[in-house]
Colleague: 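Encoded as structure tokens, here's the structure I'll be asking about.
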Amino acid sequence: MPRVPSTSSATNQPVSQHYIHTAHGNFLDSTGRVLILRGVNLSGSSKAPCDRPSYELEGFWETAENGGESFVGRPLNLEDGSADVHLARLRGWGFNVIRYVVTWEALEHAGPRQYDYEFMDYTVAVLRKIKEYGFRVYMDPHQDVWSRFSGGSGAPYWTLPACGLNPRNFSASMSSIIHSEYPLPNSPEPESLPAMIWSTNYNRLISQTVWTLFFAGRMYAPKCVIDGINIQDWLQDHFIAAFGLLADRIKAAGDLYDDCVFAWDSMNEPGEGFLGLANLNETPKHQALKKGPTPTPIQSLRLGTGVPQTVENYDFGAMGPSRNGSVTIDPAGRSVWSDPSTEVDGVHHRWGLTLMTRHWNWFNADALGLLRGKYKTTMAAVKIGNAAIRSSLRSQLAILKEDPIEILGPYPTLIGEIGVPMEMDGKRAYGWTDGGKYKGDYGQQVKALDASLNGADGANALSYTAWTYCPDNNHQWGDGWNLEDLSLWSADDVRGARAPRMSPSRNYLPTPSSSKAQLLATSRSRTSSTSSGPDTTIRQPQPTYVSGTPPRLATPAALTSAPNESAESVGSALTLANEYRLRSRTGNGVRFGDTPVPNKDGTGAVLMNCDPSAVSFPEYTSRSTPPPVYTPPANPFAFLTDGARAVSAFARPYPQATVGRPKMIDFDIGRAEFTYTVIVNGCDVPDRKLGEAYVPQTTEIYLPLVHFASKLWWEDLENVPELGGRASDSSAGGKVVDGEDYPPRSRSDTLASESENLPAANSFLSSSLTLGAASSSGYQPKTHPLSRSLSHYEPTIPPEAYSIVVDASCGSWHLDSQKQILHWSYPVPESPDRDVEYTIKIKRMGGAIPRVVKGTIGQDYSSPEKKKSADEGGSSIWDACCGSEGGVGCTIM
């Protein structure tokens, strides 16, 4: 790697030690090590205010027309201690970067130039909390199909009337599919919304119109002028000004810019509108996604004026979209255009077959190749078998990695969104099918997500942020937005948790036992619940624009328990684990729930809705009673897996910082074996200032406890085994860190250890190096000035918790068990012209943990039969016929 500069290329000002540089298509730290940034989107819940899920119609339009409401509380609650719990969990999963989701609506919902400074200051407070856990952040100005009020998220309501549109009539003409009004605004059934049909809004009238005005209003609507400014400039100016103000506020905070927030997205998934369409009478050939009624552009325009149209209808199955007759849409004369007399006052790669069908198939297709004309037929793009699918996904991501290099230059790629749906196969993993037989079995999700994330490994060595982490996810409504359910964690998957069934009415007020505060305080007892359940009163939404038959409740099923769940299970855990206990800061041992924190109305119940008036800024210290202190479970494996979904796929080993260049990353989830090869030459000597002594840096590999835990730590999640297991680290050769209860093994320590040369760890990637039981040297390195101290919320991970065998072709290694980081050091050649390859192999002694591989960590192990079922392995017929991860699979040519 070339020497990294000490000043910014943009400002010529000195940069901090936190600064992330780029060169030759890689991210670099201040010493020149290659960084791989992997993390999560925080959060999908941020698309709407607290307690405003997309299925809820009551008050939807009225609130928007009256200035909207605050997004304070998105993405984390800073008042009840839950933010620390969530961030400790994310850190424990090996994530080092967060894509921070913010919508334009959150900044400017009240009206043009009416900014929500309270939310901006709240955002600064959340970023500071995130920084405490060592994360780097890049900000995501998020939108989907323009706005919540056109079926997605992003822009404020007032932008639609400004474009001459009447949002109340969007659904009648299917100009936008809006979840809370689906299929019809006067008889909504939001629970019936087809998977991913929201994304077809990009090809419907409202999205096409607004994106055309946003990007080309001066050309296509030269007379659309507000306050003397064309609609294109007017919209863009407001968008840029709102996010610019947030950026200024983050910089003004003084401790976030560059040190924590290192980058900004431009805009998430913008649409192209009508731009580039040669014939409005035809569905564009590049419009690969067709689902449900699919009008041509000209039909969309006619529907928008209230004229009935008969349009093509499509299903989306395992082989993609297929024609299913035609349907007639009759808007009954309702136009999406505002009355001309009304004057406007101055006012990523996760989408694929699995997401569309909610099923992991034994075959898939090269979607990118199809889009780019690589194949003449769909069948030619089909890949059969796990190995062929994985190979195809890796090849597709390699193309995406090369695209910006060919177009823009040698810049690194970070995939903003990658993930899979968790409610596959009719919510089988939730126990909603087959008599509850598969409750807690996320095996199919593990296969799908592992195949996707494996594509980022190999020679690609890509950075990414998974979609998504939603603190308020539940089995009934998923992430709370358009029935998407991709959150990596759910309270409904907490061991012993009982799934809530929430009324879609905003008037639903949870009982104290289902509130966040009470949930945080609930004791470990799984049998002493006294919850009375949610209010089951049906409160009909009464939209003012609906005439005739009153609309019925959107989801009567929401008031009932899931299949195979008792009635008393209704209305329990919503956000955090029942069994996680909180103690007051006074240390008196009283559970937080025993002394409820009063609301402003004097009651003891802390309601789910986020009250902005309860927060003061910028110090965010409005609570009269100190927030609770979380007591983490003693068993770290239990903490990292509880409530997690498909955790074995996303909590995967990878090199966070590398001396040299990554050549090949490979993780075999079925064997719990990780192999990493680096290329190093004389250019990779870490930078140091003139006169400074040479301090070698290490390559840092995240080694998840989830995959490499000793048997004693994962077999009994309720307890912690006695310490005193065997452990060591070593120089080159095959060596062992052994916390397993196995017979003694012979091991060779003939080569001299180089552990005394290990440096302190890099700033945000891990804390200072801790030499413990897994060290062959008594050397104690100095604390790195940028190291992060351990949070009270993070459970202790001793070296005995690991059971690994390490084989390094050269150099020495050291396990920092608390940070789940393996440090690997090796010689750097003096000549810049001489490349040397080194390889390290790490595997779990005894093989992979069966329930981790199968994705059944969350299953019930209360009986020997259930435990045996969860721990037994197995393979499908397609694995047998077409090979597993290591094979070439089958491909139809």
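For the numbers below, each heavy atom of this structure counts, side chains included, while hydrogens, waters and symmetry mates do not.
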Colleague: Does R91 come within less than 4.0 Å of E794, counting only side-chain N to carboxylate O?
Modeller: no
Colleague: Under a 3.5 Å distance rule, please check whether R844 uses its side chain to pair with a backbone N or O of A709 as donor and acceptor.
Modeller: yes
Colleague: If we count only N and O atoms by modelled type, under 3.5 Å, do the side chains of Y138 and T465 hold a donor and an acceptor together?
Modeller: yes
Colleague: Which value, rounded to the nearest 0.5 Å, describes the distance between H21 atom NE2 and L35 atom CG?
Modeller: 10.0 Å
Colleague: Taking the basic N atoms (NZ, or NE/NH1/NH2) and the acidic carboxylate oxygens, is any pair closer than 4.0 Å for K843 and D668?
Modeller: no
Colleague: Without swapping roles, check the side chain of D684 against the backbone of N681 for a donor-acceptor pair under 3.5 Å.
Modeller: yes
Colleague: Can we say K819 and E700 salt-bridge, meaning some charged N sits less than 4.0 Å from an Asp/Glu carboxylate O?
Modeller: no
Colleague: Identify whether the distance between the nearest side-chain nitrogen and carboxylate oxygen of K841 and D807 falls below 4.0 Å.
Modeller: no
Colleague: Could you grab the distance from atom CZ of F135 to atom CZ of F95, nearest 0.5 Å is fine?
Modeller: 8.5 Å
Colleague: Would you find a donor on one side and an acceptor on the other, under 3.5 Å apart, between the side chain of Q656 and the backbone of G94?
Modeller: yes
Colleague: Treating S809 as the side-chain partner and T839 as the backbone partner, does any N or O pair qualify as donor plus acceptor under 3.5 Å?
Modeller: yes
Colleague: Could you tell me if the ring centre of F667 sits under 6.0 Å from that of H707?
Modeller: yes
Colleague: Please confirm whether the backbone N or O of V34 pairs with a side-chain atom of R661, one donor and one acceptor, at under 3.5 Å?
Modeller: no
Colleague: Are side-chain heavy atoms of T22 and F27 found at a separation under 4.5 Å?
Modeller: yes
Colleague: Are any non-hydrogen side-chain atoms of E800 and L712 less than 4.5 angstrom apart?
Modeller: no
Colleague: I want to check something: taking the side chain as every heavy atom from C-beta on, are P795 and N635 in contact at a cut-off of under 4.5 Å?
Modeller: no
Colleague: Indicate the ring-plane relationship of F650 and W93, choosing parallel, tilted or perpendicular according to the 30° and 60° boundaries.
Modeller: perpendicular
Colleague: Can you give me the closest heavy-atom contact between G32 and V4, atom names plus distance?
Modeller: CA-CG1, 4.0 Å
Colleague: Assess the residue pair H86 and W489 against the criterion (side-chain contact (heavy atoms from CB on, under 4.5 Å)); give the C-alpha distance rounded to whole Å, side-chain angles, the decisive distance to 0.1 Å, and a yes or no.
Modeller: CA-CA 10 Å; H86 292 302; W489 182 89; 3.8 Å; yes
Colleague: Relative to the ring of H814, is the ring of H823 parallel (under 30°), tilted (30 to 60°) or perpendicular (over 60°)?
Modeller: tilted
Colleague: Give the C-alpha distance, both sets of side-chain angles, the deciding distance and a yes or no for side-chain contact (heavy atoms from CB on, under 4.5 Å) between E402 and T413.
Modeller: CA-CA 9 Å; E402 290 300 317; T413 295; over 6 Å; no
Colleague: What is the distance from atom CZ of F637 to atom CD1 of I849, rounded to the nearest 0.5 Å?
Modeller: 4.5 Å
Colleague: Over 60° means perpendicular and under 30° means parallel, so classify the ring planes of Y826 and Y838, tilted if in between.
Modeller: tilted
Colleague: Tell me yes or no: between the side chains of N96 and Y702, is some donor less than 3.5 Å from an acceptor?
Modeller: no
Colleague: Can you tell me how far CG of L822 sits from CD1 of I701, rounded to the nearest 0.5 angstrom?
Modeller: 5.5 Å
Colleague: Quick one: does Q445's side chain have a donor or acceptor within less than 3.5 Å of a partner on V420's backbone?
Modeller: no
Colleague: Quick check: closest heavy atoms across A23 and L28, and the distance to 0.1 Å?
Modeller: CB-CD1, 3.7 Å
Colleague: Donor-acceptor pairs are to be reported for all side-chain atoms of residues 453-463 against protein atoms at under 3.5 Å, with residues two or more places apart or in another chain.
Modeller:
residue	atom	partner	partner atom	Å
N454	OD1	R390	NH2	3.2
N454	OD1	R394	NH2	2.8
D457	OD1	R38	NH1	2.9
D457	OD1	R38	NH2	2.9
D457	OD2	R652	NH2	3.4
N460	ND2	R394	O	3.0
N460	ND2	G455	O	2.8
S463	OG	L37	N	2.9
S463	OG	L37	O	3.4

Colleague: How about S812 and S825: does a side-chain donor come under 3.5 Å of a side-chain acceptor?
Modeller: yes
Colleague: For L87 and I98, work out which heavy atoms get closest and say how close.
Modeller: CD2-CD1, 4.3 Å
Colleague: Would you check if the side chain of S648 reaches a backbone N or O of V853 as a donor-acceptor pair within less than 3.5 Å?
Modeller: no
Colleague: side-chain contact (heavy atoms from CB on, under 4.5 Å) between R33 and T658: does it pass, once the steps are laid out?
Modeller: CA-CA 5 Å; R33 293 186 300 176; T658 298; 5.8 Å; no
Colleague: Check the surroundings of atom OH in Y411: do more than 12 heavy atoms from other residues, nucleotides or ligands lie under 6.0 Å from it?
Modeller: no
Colleague: May I ask you to check whether over 12 heavy atoms, not counting those of K401, lie within 6.0 Å of atom NZ?
Modeller: yes
Colleague: Which pair of heavy atoms, one from Y469 and one from R89, lies closest together, and at what distance?
Modeller: OH-NH1, 2.7 Å
Colleague: Apply side-chain contact (heavy atoms from CB on, under 4.5 Å) to W467 and R99, showing your working.
Modeller: CA-CA 9 Å; W467 186 271; R99 185 178 187 234; 4.2 Å; yes
Colleague: When you compare the side chain of I130 with that of L42, does any pair of heavy atoms fall below 4.5 Å?
Modeller: yes
Colleague: Check for a donor-acceptor pair, side chain of W713 on one end and backbone N or O of A638 on the other, with a separation under 3.5 Å.
Modeller: no
Colleague: Report yes if the side chains of P653 and Y676 come closer than 4.5 Å at any heavy-atom pair, otherwise no.
Modeller: no
Colleague: With rounding to the nearest 0.5 Å, note down the distance linking CD1 in I842 to CG in L703.
Modeller: 5.0 Å
Colleague: Mind checking the CD1-CG spacing from I20 to N26? Nearest 0.5 Å is all I need.
Modeller: 12.5 Å
